[in-house]
Peer 1: 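Supplied in C-alpha cells, the structure appears directly below.
What you see below is based on every heavy atom in this structure, not just the backbone, and it leaves out hydrogens, waters and symmetry mates. Being a predicted model, the structure only gives us computed values, none of them experimental.
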Amino acid sequence: QVQLAESGGGLVQAGDSLRLSCAASGRTFSSYSMGWFRQAPGKEREFVSAITWSGSSTYYAESVKGRFTISRDNAKNMVYLQMNSLKAEDTAVYYCAAGVIPPPLTNWRSYDYWGQGTRVTVSS
C-alpha cells in the first residue's frame, strides 16, 4: 500500500516556474514507478511525465519536453516535477501516481495509487 500527497501547486504567471512534490508513504516506495498526470476542466486526464523505480529512465509528454523535469529521491520517498517556462495551457490539477508497471508508464489506467492532486493555474 502506498499513500501519496502532492504539494507545490499555485497561481503563477506565464513564464514562471513551479516545483511540485509528491510525498509517498510505505516501505516499498522504491519498488514503484511514479508518474505525473494532469487534468484540466472538461478534459481527459493526460500523461505529463514518469520515472522508473530506479530513476534511470524518464518519460515526458511532447507538450512538456524541455520544460519539465521529473526526479525522485527514494531515500526520502519523494518525487518531484520541476516545471519551467509555464504556459496557460499547463493549467490543470496535477496528480502523482504509483504503480509497478513496465515502461513507457504513460497509461494512467495502469497505475495503482493516486494522490489527491494539486492545482496549478498559469495566467497569461
Side-chain angles (χ1 to χ4, degrees):
Q1 187 89 13
V2 175
Q3 293 183 322
L4 305 172
E6 304 93 336
S7 61
L11 172 62
V12 297
Q13 293 188 332
D16 286 350
S17 297
L18 274 177
R19 188 173 86 151
L20 304 184
S21 299
C22 176
S25 65
R27 293 176 294 174
T28 58
F29 169 75
S30 60
S31 301
Y32 288 86
S33 294
M34 300 296 296
W36 284 97
F37 294 80
R38 66 187 181 188
Q39 189 164 18
K43 294 190 176 181
E44 300 257 328
R45 185 169 300 189
E46 67 172 353
F47 170 75
V48 176
S49 183
I51 188 167
T52 52
W53 65 271
S54 65
S56 60
S57 296
T58 57
Y59 305 87
Y60 297 94
E62 284 298 320
S63 60
V64 307
K65 201 171 288 186
R67 299 189 297 123
F68 291 12
T69 303
I70 190 171
S71 61
R72 68 188 296 162
D73 185 337
N74 286 344
K76 296 182 179 179
N77 282 15
M78 296 292 295
V79 179
Y80 306 99
L81 186 68
Q82 178 67 43
M83 306 188 296
N84 298 331
S85 302
L86 282 162
K87 305 176 181 179
E89 50 263 43
D90 295 319
T91 294
V93 177
Y94 285 70
Y95 300 89
C96 71
V100 180
I101 53 179
L105 312 178
T106 58
N107 185 352
W108 66 266
R109 295 176 180 82
S110 299
Y111 287 78
D112 300 306
Y113 303 102
W114 291 84
Q116 81 289 350
T118 185
R119 186 174 301 276
V120 172
T121 303
V122 184
S123 64
S124 56

Peer 1: More than 12 non-hydrogen atoms from neighbouring residues, nucleotides or ligands closer than 6.0 Å to CD on Gln116, yes or no?
Peer 2: yes
Peer 1: Calculate, to the nearest 0.5 Å, the distance between atoms CD and CZ belonging to Gln39 and Arg119 respectively.
Peer 2: 10.5 Å
Peer 1: I need the Lys65 NZ to Thr58 OG1 distance, nearest 0.5 Å.
Peer 2: 9.5 Å
Peer 1: Is the backbone N or O of Leu11 less than 3.5 Å from a side-chain atom of Asp16, with the two atoms forming a donor-acceptor pair by type?
Peer 2: no
Peer 1: Does some side-chain heavy atom of Ser21 sit less than 4.5 Å from a side-chain heavy atom of Met78?
Peer 2: yes
Peer 1: Hey, what do you get for CD1 (Ile101) to OG1 (Thr52), rounding to the nearest 0.5 Å?
Peer 2: 11.0 Å
Peer 1: Locate the shortest heavy-atom distance separating Arg72 from Ser30; write the atom from each residue and the value.
Peer 2: NH2-CA, 4.1 Å
Peer 1: For the backbone of Ser54 and the side chain of Asn74, can you confirm whether one donor and one acceptor N or O come within less than 3.5 Å of each other?
Peer 2: no
Peer 1: Backbone N or O of Ser85 within a donor-acceptor pair of the Arg67 side chain at under 3.5 Å?
Peer 2: yes
Peer 1: Side-chain contact, heavy-atom cut-off 4.5 Å: Phe47 with Tyr59?
Peer 2: yes
Peer 1: Which residues, ordered by chain and number, are linked to Tyr60 in its hydrophobic cluster, where ILVMFWY side chains connect at heavy-atom gaps below 4.5 Å, directly or through other members?
Peer 2: Val2, Leu4, Val12, Leu18, Leu20, Phe29, Tyr32, Met34, Trp36, Val48, Ile51, Val64, Phe68, Ile70, Val79, Leu81, Met83, Leu86, Tyr94, Val100, Tyr113, Val120, Val122
Peer 1: Could you report the tightest heavy-atom contact between Tyr111 and Ala50, atom names first, then the distance?
Peer 2: OH-CB, 3.7 Å
Peer 1: What I'd like to find out is whether the side chain of Ser7 reaches to under 4.5 Å of the side chain of Thr118, using heavy atoms alone.
Peer 2: no
Peer 1: For Trp114, check ring pair (Phe, Tyr, Trp, His ring centres under 6.0 Å) against everything at least two apart and list the hits.
Peer 2: Phe37
Peer 1: With rounding to the nearest 0.5 Å, note down the distance linking SG in Cys22 to CD in Glu6.
Peer 2: 5.5 Å
Peer 1: Could you tell me whether the side chain of Thr69 and the main chain of Gln82 form a donor-acceptor pair under 3.5 Å?
Peer 2: no
Peer 1: How long is the span from the OG atom in Ser71 to the CZ atom in Arg19, to the nearest 0.5 Å?
Peer 2: 6.5 Å
Peer 1: Restricting to non-hydrogen atoms, name the atom on Ala14 and the atom on Ser124 that form the minimum distance, rounded to 0.1 Å.
Peer 2: CB-CA, 4.2 Å
Peer 1: How far does CD of Glu46 sit from OG1 of Thr106, to the nearest 0.5 angstrom?
Peer 2: 12.0 Å
